[in-house]
Amino acid sequence: MPNLLLEVRNIRKTYGKKILAVDNLSFHVMEGEIYGLIGPNGAGKTTSLRIIAGLIKPDGGEVLIRGVNVHESLKNNRRMIGYLPEEANTYPLLTGMEHLKIYGGLYGASSEDLEFGARITGLGNRLLKKTSEYSHGMKRRLLLGAVLMTKPRLAILDEPTSGLDVHAGVSVRKTIRNYVKSTGAAAIVSSHNMLEIEYLCDRIGLIFKGKIIEEGRPRELIEKYGVANLEEVFTLLVRGVES
Amino acid sequence: MKGYSRLKVLLEKEIKDLFRDRKALLTTVLLPLISLPSIGVFTLLLISQQPVNIALIDEDNSYYVNPELNVAMSSDWVVGNLTLALTSRGYSVVNLPSRSEALENNSIDLIIIIPSGFSRNATSVDSVGQVEILRRANVQPALNAEGVARGILNAISVNLSLIKIARLYEKAGLDPGVFKPEAFRDPVSTGPTILLSPEGERVGVEAELRTYIARLLVIAFAFVVTPASAFVIDGIIGERQRKTLELLLASPASLGEILAAKIIVATILGLLASLADITALLAYVGSLVLAYGGQLFILLDPGLLLLHSVTSFFTILVTVAIATPFITRTRGIRSAGNVAGLITSVAIVFFFLGFFIDFPKLEANVLNMLQIIPYTQSILSVQNYIYGRPDLSIINLLALALLSSLILLIAVKTVDKEKILLTQD
């Protein structure tokens with residue numbers, strides 16, 4: 001029976017006085033599970049992921065990893081979390097390998113970790129080139145390798161395949177799947193791509209206006225709403241909330 | 001993992017990122033290396049292309065011997081002496097027949113007229129030989145030429161007066177061995193100025209040059225604070241815009257470590273610019289010293305250069321430490337640049353004050369008020385060294401180091417990670 005890894009309890013975040021980005025959001029993630037967070041633009045996905053990663057403090061609620069509050073014990077939890085932001089970029093004058101060494105160095109990575117990270121990227125000798133010569137897909141794979149190389153217990157991946165072509169997207173999804181399977185860690189993945197979520201995630205949470213409005217296994221949700229795919233579940237639910 | 005290990009990793013990253021940006025690095029270091037000597041070379045070149053034209057007009061054109069004193073004077077001789085003295089100093093001298101011709105010629109900057117009756121009056125016992133000098137306003141080199149001409153005319157006047165006094169002695173039957181003409185011509189005289197060090201010891205003219213160099217070194221601080229601020233802006237706002245900051249913020253590195261690495265590397269960059277400034281300054285002043293026949297070694301005071309480098313380091317550190325909390329709260333590189341510009345302007349004002357004012361000589365109550373401003377310590381550190389007070393200079397340097405560390409600590413503690421991340425560019 002897998003253990004509970006992450007518990008998000010009623011987190012709330014307001015920007016300024018008017019913008020309610022996250023509104024009493026709650027969900028949990030088990031070890032060895034990939035949890036998908038889907039929702040339209042501005043639904044609160046990135047803010048939620050940043051709160052879970054400890055980058056932003058919530059106005060209310062709490063985030064617990066193995067029962068420990070992330071924001072109260074940020075230093076200890078940092079090593080357990082790997083976070084890949086949606087629009088993360090690389091330093092053009094540094095090589096791919098230097099990126100791995102820098103991020104690895106900050107987490108106290110061993111040489112085995114670096115080898116593991118390099119394998120995840122699948123970039124081979126191209127790791128020795130400056131990232132100014134990399135395509136968007138190569139950069140994304142490099143950063144994914146940098147995030148996963150220290151084997152975080154919780155990988156938070158905000159739109160990991162955003163802007164990638166089909167081939168690169170498949171490769172990244174395979175990497176995430178293999179990582180979770182081989183390490184027993186958990187991952188939270190946000191995406192606009194319903195097919196990706198359907199293929200990749202064990203469970204999903206549909207976030208809209210800062211709240212989870214539906215949650216479950218992709219196949220179960222499709223059956224529950226009697227539609228052909230997850231995209232239709234999403235459309236149906238959003239329309240229902242808006243009306 | 002210890003904090004210093006993470007700081008080391010971050011420093012390596014910042015240094016690699018900086019030193020691989022060769023264009024930015026060359027601009028920061030080469031610009032001062034080229035600009036200051038260029039000013040010197042172009043000034044010398046352009047001065048030679050802008051000759052001062054002097055017209056000498058001999059309206060007297062006579063030779064006269066005073067029958068009573070048996071003293072002779074020739075206007076032609078005066079013109080000859082002036083021509084020789086002025087041409088030997090590189091001035092262009094023409095002899096013109098009339099003043100109207102000189103006045104109509106726009107290229108003439110200085111007109112010296114020996115009026116009619118000059119020789120007679122200069123040798124007389126009841127009159128004075130006047131020389132007229134007309135100079136075009138706002139031509140600085142013409143003012144220098146006027147000084148040379150007045151010097152020559154003064155020497156002629158002194159010699160002539162001594163001869164006249166000697167002739168009067170003869171007439172009065174006074175013994176020139178007892179009655180010295182100089183005692184009547186110049187009863188009050190001043191010797192050459194003796195220069196003293198702050199301790200009261202005699203020093204050479206190079207001591208004045210050293211003080212001048214120290215003033216220039218204070219001004220040089222103004223040129224090193226700007227590139228450092230620009231690097232911090234690029235390091236924080238630029239990283240946010242290039243989308244590399246969030247991944248760093250999500251790592252175990254604290255915000256303090258991330259900022260400290262950026263500030264330290266910015267300071268190193270500023271120090272490189274400072275060393276380039278000093279090298280250029282020495283090349284510029286050194287060439288002038290050599291041109292005037294001085295010795296270059298008087299410029300090379302290793303203690304002063306070392307002090308300047310260390311003071312530069314902390315001056316830059318304190319500037320970027322003050323600027324960082326403001327930079328992190330601004331939207332975009334432009335507004336961050338404005339904020340940093342405001343802070344560096346305050347620094348530049350102080351360094352210009354340091355060029356004109358001897359801070360160690362300020363009234364105690366005024367100086368005490370200024371002491372809390374870190375730039376005062378930068379200026380005092382250099383000026384106290386020049387005034388022969390290395391002990392005070394070290395105290396000022398330590399105070400600057402303390403203030404900069406304190407401000408850096410406050411800067412790092414007051415910056416909010418969330419604000420850096422969420423501020424919209």
Side-chain angles (χ1 to χ4, degrees), chain A residues 13 15-16 19 21 46-47 49-59 71 74-95 98-110 130-132 136 139 142-144 146-147 150 152 155-158, chain B residues 1-26 231 234-262 265 328 331 415-425:
Chain A
K13 183 73 186 176
Y15 293 132
I19 305 165
T46 297
T47 303
L49 296 183
R50 280 174 168 171
I51 291 172
I52 297 165
L55 285 167
I56 299 177
K57 276 187 184 166
D59 298 332
H71 296 94
L74 200 54
K75 262 189 180 171
N76 297 334
N77 278 310
R78 274 265 181 261
R79 274 166 230 293
M80 296 185 65
I81 301 170
Y83 173 58
L84 178 66
E86 182 185 356
E87 292 179 310
N89 206 346
T90 59
Y91 298 97
L93 300 175
L94 303 184
T95 66
E98 283 167 343
H99 277 78
L100 293 181
K101 283 181 181 168
I102 289 163
Y103 292 119
L106 296 176
Y107 286 84
S110 64
K130 286 180 185 167
T131 63
S132 55
H136 177 64
K139 286 181 190 171
L142 171 67
L143 294 178
L144 187 64
V147 168
T150 51
I156 302 169
L157 310 170
D158 195 358
Chain B
M1 193 188 188
K2 296 267 167 57
Y4 68 82
S5 302
R6 286 193 296 268
L7 185 63
K8 191 170 157 256
V9 171
L10 290 166
L11 280 171
E12 280 173 9
K13 174 227 148 202
E14 295 294 343
I15 287 170
K16 273 182 188 162
D17 210 22
L18 168 68
F19 280 84
R20 286 191 190 160
D21 191 355
R22 299 231 166 93
K23 278 181 196 161
L25 201 62
L26 286 179
F231 185 81
D234 184 70
I236 298 168
I237 312 290
E239 275 221 27
R240 186 171 67 208
Q241 289 182 342
R242 289 190 294 271
K243 312 289 181 194
T244 49
L245 190 63
E246 196 170 355
L247 210 54
L248 275 186
L249 292 174
S251 76
S254 68
L255 181 62
E257 287 160 358
I258 295 168
L259 288 179
K262 288 188 182 301
V265 173
T328 53
R331 292 183 172 192
V415 173
D416 185 356
K417 184 184 276 190
E418 206 169 309
K419 277 211 170 73
I420 294 183
L421 190 65
L422 297 177
T423 302
Q424 300 287 319
D425 291 313

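Model, not experiment: these values are computed from the prediction. Here is how names work: the chains are called A, B, and so on, in the same order as the sequence lines, proteins then strands, and each is numbered from 1. Values below: all heavy atoms of this structure, side chains included; hydrogens, waters and symmetry mates excluded.
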Please round to the nearest 0.5 Å and tell me the distance separating atom [atom1] of [X] and atom [atom2] of [Y].
{"X": "B:Asp17", "Y": "A:Ile102", "atom1": "CG", "atom2": "CD1", "value": "8.0 Å"}
{"X": "B:Lys243", "Y": "A:Lys139", "atom1": "NZ", "atom2": "NZ", "value": "13.5 Å"}
{"X": "B:Leu248", "Y": "A:Tyr103", "atom1": "CG", "atom2": "OH", "value": "5.0 Å"}
{"X": "A:Asn89", "Y": "B:Leu247", "atom1": "CG", "atom2": "CG", "value": "10.0 Å"}
{"X": "A:Leu55", "Y": "B:Leu255", "atom1": "CG", "atom2": "CG", "value": "11.0 Å"}
{"X": "A:Glu98", "Y": "B:Lys13", "atom1": "CD", "atom2": "NZ", "value": "12.0 Å"}

Is [X] close to chain B through its backbone or its side chain, or both, or neither, when contacts mean heavy atoms under 4.5 Å?
{"X": "A:Ile156", "result": "neither"}
{"X": "A:Ala53", "result": "neither"}
{"X": "A:Thr150", "result": "neither"}
{"X": "A:Lys130", "result": "side chain"}

Inspect the surroundings of NZ in B:Lys417 and state if more than 12 heavy atoms from other residues, nucleotides or ligands are less than 6.0 Å away. yes
Which pair of heavy atoms, one from A:Arg78 and one from B:Leu249, lies closest together, and at what distance? NH2-O, 3.4 Å
Residues A:Tyr107 and B:Ala250: closest non-hydrogen pair is OH-O, 3.6 Å
Those residues that, when tested against B:Ala253, pass side-chain contact (heavy atoms from CB on, under 4.5 Å) (two or more places apart): A:Leu106, B:Arg6, B:Leu10, B:Ser251, B:Glu257, B:Ile258
Measure [X] against the heavy atoms of chain A and call it side chain, backbone, both or neither at under 4.5 Å.
{"X": "B:Glu12", "answer": "neither"}
{"X": "B:Asp416", "answer": "neither"}
{"X": "B:Arg242", "answer": "backbone"}

Going by an N to O cut-off under 4.0 Å, is there a salt bridge joining A:Arg50 and B:Glu246? yes
Where do B:Arg20 and A:Leu94 land on the side-chain contact (heavy atoms from CB on, under 4.5 Å) test, with the steps shown first? CA-CA 8 Å; B:Arg20 286 191 190 160; A:Leu94 303 184; 3.7 Å; yes
